[in-house]
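Below is one structure, written out as structure tokens; the observations come after it.
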Protein chains: 2
Amino acid sequence: MISIAIIEDDEDIRESLKILIQTTEDFTCAGTFADAETGLEFLTANPADIVLMDIHLPGMDGIECVRQLKSVHPEMQFIMCTIFQDDNSVFNALKAGATGYLLKNDDPGKIIDAIHELHAGGSPITPQIARRVMESFKRPAVNDAIHLLTKRETEMLGLLAKGFRYKEIADKLCISTETVRKHINNIYQKLHVQSRIEAVNKIFGDRS
Amino acid sequence: MISIAIIEDDEDIRESLKILIQTTEDFTCAGTFADAETGLEFLTANPADIVLMDIHLPGMDGIECVRQLKSVHPEMQFIMCTIFQDDNSVFNALKAGATGYLLKNDDPGKIIDAIHELHAGGSPITPQIARRVMESFKRPAVNDAIHLLTKRETEMLGLLAKGFRYKEIADKLCISTETVRKHINNIYQKLHVQSRIEAVNKIFGDRS
DNA sequence: CCCACAATACCACTTTAGTGTGATTTTTCT
DNA sequence: AGAAAAATCACACTAAAGTGGTATTGTGGG
């Protein structure tokens with residue numbers, strides 16, 4: 001039995017979804033809420049398996065609500081519901097922790113499918129959204145600057161990135177720490193940086 | 001007109017795909033190749049719009065081939081072809097730069113659809129693969145360990161991650177470098193690390 | 001064959017980072 | 001108001017990292 005909660009401000013849609021879920025085998029409705037705050041409060045204490053979450057809500061929006069619930073119950077799954085496919089909102093929702101989404105005017109069968117798909121470990125999203133996710137995930141592939149480095153230097157950089165000391169790198173590669181030092185110096189010159197973390201950021205990309 | 005190249009070692013499949021493409025409106029076949037090396041050489045000089053790439057090939061595999069071609073022609077798109085849905089290979093192919101994939105026993109219509117979808121800016125992948133991509137993209141959102149840190153410490157860590165020296169951080173925040181040193185020491189103790197890069201990796205996640 | 005480059009190694013020296021301890025002030029929470 | 005946590009500063013010391021120069025060996029490309 002999959003427990004499903006609904007957070008949706010439009011009463012008609014909310015009730016339709018509720019009925020749809022209640023009349024579907026294996027699905028049970030864990031509660032319906034008209035705003036993020038109420039839903040957040042209830043679901044924090046009584047987690048559901050899956051939440052159908054409207055993106056546009058009065059007060060706190062659905063994306064923020066996902067973020068907060070996800071931080072408390074990481075295993076809870078979210079499907080975002082929107083009127084139209086606003087790529088950006090959906091994308092942000094995915095970043096916040098949602099796993100899928102559907103359009104409010106999708107037919108009931110599709111909604112049921114999406115929930116099943118999600119519960120089976122899939123991610124109900126359109127190819128367009130998939131592409132955006134993929135593009136942002138396929139991080140800048142590693143900066144072009146890496147081509148400036150030799151094989152050995154690249155290897156060094158990898159170990160540097162992992163936080164090994166010169167001595168440890170030297171032992172690992174069976175060379176002297178002086179050689180390690182030299183290689184790393186060459187790397188810094190090529191990349192125009194003067195510390196380990198700058199080199200790593202330059203090649204593998206910044207975070208934070 | 002969309003030009004499509006095929007790299008596939010099985011002659012029957014290769015020819016079927018070729019015929020499928022040649023007989024479809026708007027599609028033209030830019031060449032067929034039985035191995036990655038030949039395809040790589042030709043396509044480097046004569047880029048196609050889309051490449052249907054087998055994953056398992058004699059010699060260089062399709063994933064490496066994608067990686068190399070993508071580095072030379074970033075705009076070239078790739079659809080991986082596999083016999084069965086080997087999640088891991090597909091996932092690696094996506095990391096290497098492929099945008100979609102299909103199964104060799106998908107029916108012709110589905111193959112045509114996938115190509116159109118790709119060309120239209122979508123990403124033909126199954127929900128299962130989408131989920132994996134999403135999960136790795138939605139990276140641990142910042143390690144839980146960060147909750148151990150105070151506001152000021154988190155701020156420090158952010159600057160540390162960017163590669164600022166203690167002195168620079170001190171100037172930026174108008175405090176003494178001794179204070180900076182102290183904060184950072186506290187961070188290291190809380191995270192059980194003993195260097196800047198380890199702390200950064202612990203919180204923001206490793207790369208490479 | 002020779003040159004350029006990569007990889008190896010050493011030394012001397014400076015700077016930055018990290019450790020240990022202690023103390024004062026400000027905030028925050030109860 | 002009072003205790004706890006956070007933020008501030010200082011000093012002494014050690015360990016690592018980074019800089020600059022020099023030299024040898026092997027290897028691949030012209």
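Here is how names work: the chains are called A, B, and so on, in the same order as the sequence lines, proteins then strands, and each is numbered from 1.
- Dashed line: the shortest gap from a side-chain N or O of A:Ser176 to OP1 or OP2 of C:dC10 is under 4.0 Å.
- Between the B:His56 side chain and the B:Thr82 main chain, no donor and acceptor come within less than 3.5 Å of each other.
- Among the nucleotides C:dC10, D:dC9, C:dA7, the one closest to the side chain of A:Lys151 is C:dA7.
- The neighbour count for B:Glu41 CD, taken as heavy atoms of other residues, nucleotides or ligands under 6.0 Å away, does not exceed 12.
- Taking 3.5 Å as the limit, the base of D:dG18 and the side chain of A:Arg196 contain no donor-acceptor pair of atoms between them.
- Taking a cutoff of 4.0 Å between a charged side-chain nitrogen and a carboxylate oxygen, A:Arg14 and A:Asp54 do not qualify as a salt bridge.
- Contact annotation for B:Lys167: no contact, since no heavy-atom pair falls under 4.0 Å across all strands.
- Between the P atom of C:dC11 and the NZ atom of A:Lys182 lies a distance of 15 Å, rounded to the nearest Å.
- Atom P of nucleotide C:dA7 and atom CG of A:Leu157 are separated by 13 Å, given to the nearest angstrom.
- Separating the CZ atom of B:Arg181 from the P atom of D:dA10 is a distance of 12 Å, rounded to the nearest angstrom.
- Phosphate contact (OP1/OP2 of D:dA15, side-chain N/O of A:Tyr166, threshold under 4.0 Å): absent.
- Ionic pairing of A:Lys167 and A:Asp171 is present here: one or more N-O contacts between side-chain nitrogen and carboxylate oxygen are shorter than 4.0 angstrom.
- Considering only the side chain of A:Gln194, D:dT19 comes nearest among C:dT8, D:dG20, D:dT19.
- Put simply, A:Thr150 has no side-chain N or O that comes within less than 4.0 Å of OP1 or OP2 on C:dC5.
- Both tests hold for A:Lys172 against A:Phe164: distance to the six-membered ring centre under 6.0 Å, angle to the ring axis within 45°.
- Counting to the nearest Å, the P atom of C:dA17 and the CD atom of B:Glu168 are 8 Å from each other.
- For C:dA6, the OP1/OP2 oxygens have no side-chain nitrogen or oxygen of A:His183 closer than 4.0 Å.
- Side-chain proximity of B:Thr179 to C:dT19, D:dC9, D:dA7: nearest is D:dC9.
- Ranked by how close their nearest DNA chain D nucleotide is to the 5' end, B:Glu178 and B:Arg152 are led by B:Arg152.
- Put simply, CD1 on B:Ile175 is 14 Å from C1' on D:dA10, counting in whole angstrom units.
- Side-chain nitrogen and oxygen atoms of B:Asn185 include at least one within less than 4.0 Å of the OP1 or OP2 phosphate oxygen of C:dT19.
- Candidate nucleotides C:dG18, C:dT16, D:dG18 were compared by shortest atom distance to the side chain of B:Arg165, and C:dT16 ranks first.
- Atom CD1 in B:Ile187 sits about 12 Å away from atom P in C:dT19, given to the nearest Å.
- When the side-chain nitrogen and oxygen atoms of B:Tyr188 are compared with OP1 and OP2 of C:dT19, none of them lie within a distance under 4.0 Å.
- B:Thr177 comes within 4.0 angstrom of no nucleic acid atom, judged by non-hydrogen atoms across all strands.
- In this structure, A:Ile184 atom CD1 and C:dA9 atom P are separated by 14 Å, rounded to whole Å.
- In the set D:dG20, C:dG20, D:dT22, the nucleotide with an atom closest to the side chain of A:Gln189 is D:dG20.
- The number of heavy atoms from other shown groups lying within 6.0 Å of CD (B:Glu75) is above 12.
- Look at NZ on A:Lys172: it is 20 Å from C1' on C:dT8, rounded to the nearest Å.
- Phosphate contact (OP1/OP2 of D:dA16, side-chain N/O of B:Ser195, threshold under 4.0 Å): absent.
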